[in-house]
Amino acid sequence: MFVLLSPGRRWAFLTFMEDTTGNSIRTGAAPETNSDSGPRKSSWKYIGPGIVVAATGVGAGDLVATLIAGSNFGYTLLWAAVIGCLVKISLAEAAGRWHLSTGRTLFDGWASLGRWTTYFFAVYTVVWGFVYGAAAMSSSALPLQALFPDVMALEWWGIACGLVGLVFVWFNKYAVFEKVMTVLVGVMFVVTVCLAIRVTPNIPDALAGLLPVLPDEKDSVLNTLGLIGGVGGTITLAAYGYWVNAKGWTDSGWMKVMRLDNRVAYATTGIFVIAMLFVGAELLHSMNVAIESGDKGLIQLGDILEEEYGGATATFFLIGFFATSFTSLIGVWHGVSLMFADFVARYRGRTQAKGEEIASGERERSWPFRAYLLWLTFPPMVLLFQGQPFRLVIIYGVLGAAFLPFLAGTLIWLLNSDRTPAEWRNGWVSNGMLVIAGLLFLVLCVKQVWDQPWADFF
């Protein structure tokens with residue numbers, strides 16, 4: 001969708017999209033606000049948190065899932081990838097709108113709904129962080145080992161990536177973090193788009209793929225829903241509001257800027273995902289080649305690219321693979337640590353958690369932020385050598401599947417209640433998108449829980 005529009009029309013489309021509170025707006029117009037701290041008008045120069053959420057949300061697993069969809073079904077599910085971006089736009093926009101309209105953080109909103117949200121978040125961050133830490137380090141290590149095969153083993157590359165991420169996030173504030181993420185996104189963008197062009201996509205077939213048609217295969221509905229739900233981000237969607245505050249946006253004067261930033265984020269995500277679907281459709285589907293799910297599928301793709309186009313193309317791709325994986329690593333190291341620090345501050349103080357505290361950098365200097373950084377880095381190193389414990393992986397899968405229904409449901413609750421100022425509550429567009437997102441992720445959650453080998457768990 002976004003790839004097939006000219007640049008001017010694409011930005012016009014993004015700029016004039018309808019306000020999700022139900023009001024038709026022009027993003028470039030002066031915002032209606034009582035605050036003096038926001039800009040007089042939205043501008044591309046303010047873009048930042050959206051780049052961060054796009055870079056963090058699109059990991060190696062997302063690219064592999066899209067490649068496999070392209071390899072199995074050609075361009076048939078291109079429309080599903082586009083819808084996936086639109087669904088995530090609604091979730092991230094809602095999270096950002098809560099932060100800006102109320103001046104409170106998302107965890108503060110969750111805490112107002114009852115203790116159950118605190119229990120869920122606490123268990124989720126501990127288990128999820130432990131398993132994800134190992135997965136992120138391993139994913140970043142794979143392309144480095146492929147680029148430098150004789151230097152050291154995969155486990156030690158993983159440890160090196162984790163330590164670099166730890167040191168980088170520990171000693172740098174959001175402004176530096178955002179600049180580095182922007183550079184890495186540039187690398188990802190160049191690599192994915194060049195690969196899509198290199199395989200010579202069939203534009204008529206791609207246009208036909210924008211029509212909502214299901215493949216004539218078993219479980220095609222669930223596969224399609226999985227592709228929609230897997231486009232760009234899980235907990236990073238909730239972290240978006242925290243990055244908005246860290247940027248210095250703390251009130252409704254920044255609302256239009258945030259919306260433009262969010263749409264740019266998922267336009268960027270759409271380009272990444274669609275480019276990889278083009279590669280899967282043209283390179284793998286035409287050759288009838290299957291690749292593994294998970295990060296190792298990208299290593300296989302590197303080997304195929306080397307056979308077809310030479311070593312330079314394969315090396316170029318591996319650099320993009322590393323940028324994709326490492327942005328997810330440092331993005332989670334920063335964003336989820338920020339959320340955990342806010343969780344601890346809110347739990348200990350039992351007072352409202354304000355966006356200004358995030359903007360001040362206070363959370364990034366706090367001991368809970370750094371404690372969670374250490375949790376993401378050091379305990380998961382054990383899993384790099386011993387493999388992931390069976391029962392823990394099952395719990396991790398269930399909690400991960402439950403998070404997005406939890407996010408969608410709580411955002412509907414918060415943004416339709418008097419916790420949110422009346423002018424910024426959900427309109428029919430946002431409610432509709434969040435309900436669709438909630439139902440989609442609930443179906444995927446049930447499927448994930450159903451598919452777990454529970455008989456072997458006990």
Side-chain angles (χ1 to χ4, degrees), residues 1-2 10-29 31 33 38-39 41-58 82-102 105-106 174 178 181-182 185 189 231-273 327 331 335 338 355 358 404 407-408 411 414-415 420 424 426-427 429-434 436-437:
M1 179 176 177
F2 300 106
R10 186 192 317 143
W11 300 139
F13 170 77
L14 291 168
T15 301
F16 289 97
M17 279 183 70
E18 186 177 33
D19 181 341
T20 53
T21 56
N23 303 312
S24 180
I25 66 168
R26 177 173 176 166
T27 308
T33 175
K41 62 180 181 179
S42 57
S43 171
W44 299 108
K45 70 181 180 181
Y46 295 116
I47 299 302
I51 297 297
V52 172
V53 77
T56 307
V58 179
V82 173
I83 288 179
C85 292
L86 295 177
V87 167
K88 298 294 177 67
I89 282 176
S90 67
L91 284 167
E93 187 276 341
R97 178 154 43 93
W98 166 265
H99 278 250
L100 295 183
S101 65
T102 65
T105 65
L106 185 55
Y174 174 80
E178 182 188 288
M181 292 288 273
T182 301
V185 165
F189 186 90
V231 176
T234 50
I235 194 172
T236 54
L237 292 164
Y240 178 64
Y242 287 85
W243 285 322
V244 162
N245 287 160
K247 179 75 170 175
W249 307 348
T250 57
D251 55 48
S252 59
W254 292 96
M255 194 70 75
K256 289 186 173 71
V257 178
M258 181 276 292
R259 284 173 167 153
L260 177 63
D261 177 76
N262 178 45
R263 290 159 190 166
V264 170
Y266 281 94
T268 304
T269 300
I271 291 171
F272 292 149
V273 170
T327 51
L338 205 55
I358 307 296
L404 284 177
L407 178 62
L411 284 172
L414 290 170
L415 293 169
T420 304
W424 299 116
N426 279 357
V429 176
S430 188
N431 274 327
M433 292 298 292
L434 289 176
I436 290 170

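The first residue in the sequence is number 1, and the count goes up from there.
When atom types are taken as modelled, the side chain of Ser90 and the backbone of Val87 share a donor-acceptor pair closer than 3.5 angstrom. Under the 3.5 Å distance criterion, the side-chain polar atoms of Trp98 are matched with a main-chain donor or acceptor of Thr105.
Shown here for Ser430 and Glu93, the closest heavy-atom pair between the two residues is OG-OE1, 4.3 Å. Nearest heavy atoms, Met181 versus Thr327: CE-O, 3.4 Å. Taking all atoms of both residues into account, the shortest heavy-atom contact from Ile358 to Ala246 is CG2-N, 3.7 Å. Heavy-atom minimum distance, Val185 versus Ala55: CG2-CB, 3.2 Å. Taking each heavy atom of Gly50 and Ala265 in turn, the nearest pair found is O-CB, 3.0 Å. Of all the heavy atoms in Leu434 and Ala94, the pair that sits closest is CD1-CB, 4.1 Å.
Note: Trp249 and Trp254 have parallel aromatic rings, judged against thresholds of 30 and 60 degrees for the angle between ring planes.
Ring-centre distance between Tyr240 and His99: not below the 6.0 Å cut-off.
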Check: Are Leu91 and Leu411 close enough, and set up right, to give a side-chain contact (heavy atoms from CB on, under 4.5 Å), and what steps lead you there?
Finding: CA-CA 8 Å; Leu91 284 167; Leu411 284 172; 4.2 Å; yes
Margin query: Between Val58 and Thr268, does the side-chain contact (heavy atoms from CB on, under 4.5 Å) criterion hold? Intermediate values first, please.
Written below: CA-CA 10 Å; Val58 179; Thr268 304; over 6 Å; no
Notebook entry, point to check: Between Lys88 and Thr269, does a side-chain contact (heavy atoms from CB on, under 4.5 Å) hold up when you go through it step by step?
Noted result: CA-CA 10 Å; Lys88 298 294 177 67; Thr269 300; over 6 Å; no
Next item on the list: Please step through side-chain contact (heavy atoms from CB on, under 4.5 Å) for the pair Leu404 and Leu237, ending with a clear verdict.
Entry: CA-CA 9 Å; Leu404 284 177; Leu237 292 164; 3.7 Å; yes
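A donor atom on one side chain and an acceptor atom on the other are not found under 3.5 Å apart for Tyr174 and Asn245. For the residue pair Thr420/Arg97, the side-chain donor-acceptor check at 3.5 Å is not satisfied.
Distance check: Leu407 CG to Leu106 CG gives 6.5 Å after rounding to the nearest 0.5 Å. Taken to the nearest 0.5 Å, the CD1 atom of Ile89 stands 12.5 Å off from the CZ atom of Arg259. For the atom pair Trp424 CH2 and Ser101 OG, the distance stands at 8.0 Å (nearest 0.5 Å). Glu178 contributes atom CD, which lies 9.5 Å from atom CD1 of Ile47 (distance to the nearest 0.5 angstrom). A distance of 11.0 Å separates CG in Asp261 from OH in Tyr266, rounded to the nearest 0.5 Å.
Side-chain contact between Leu100 and Val244 is present, with at least one heavy-atom pair separated by less than 4.5 Å.
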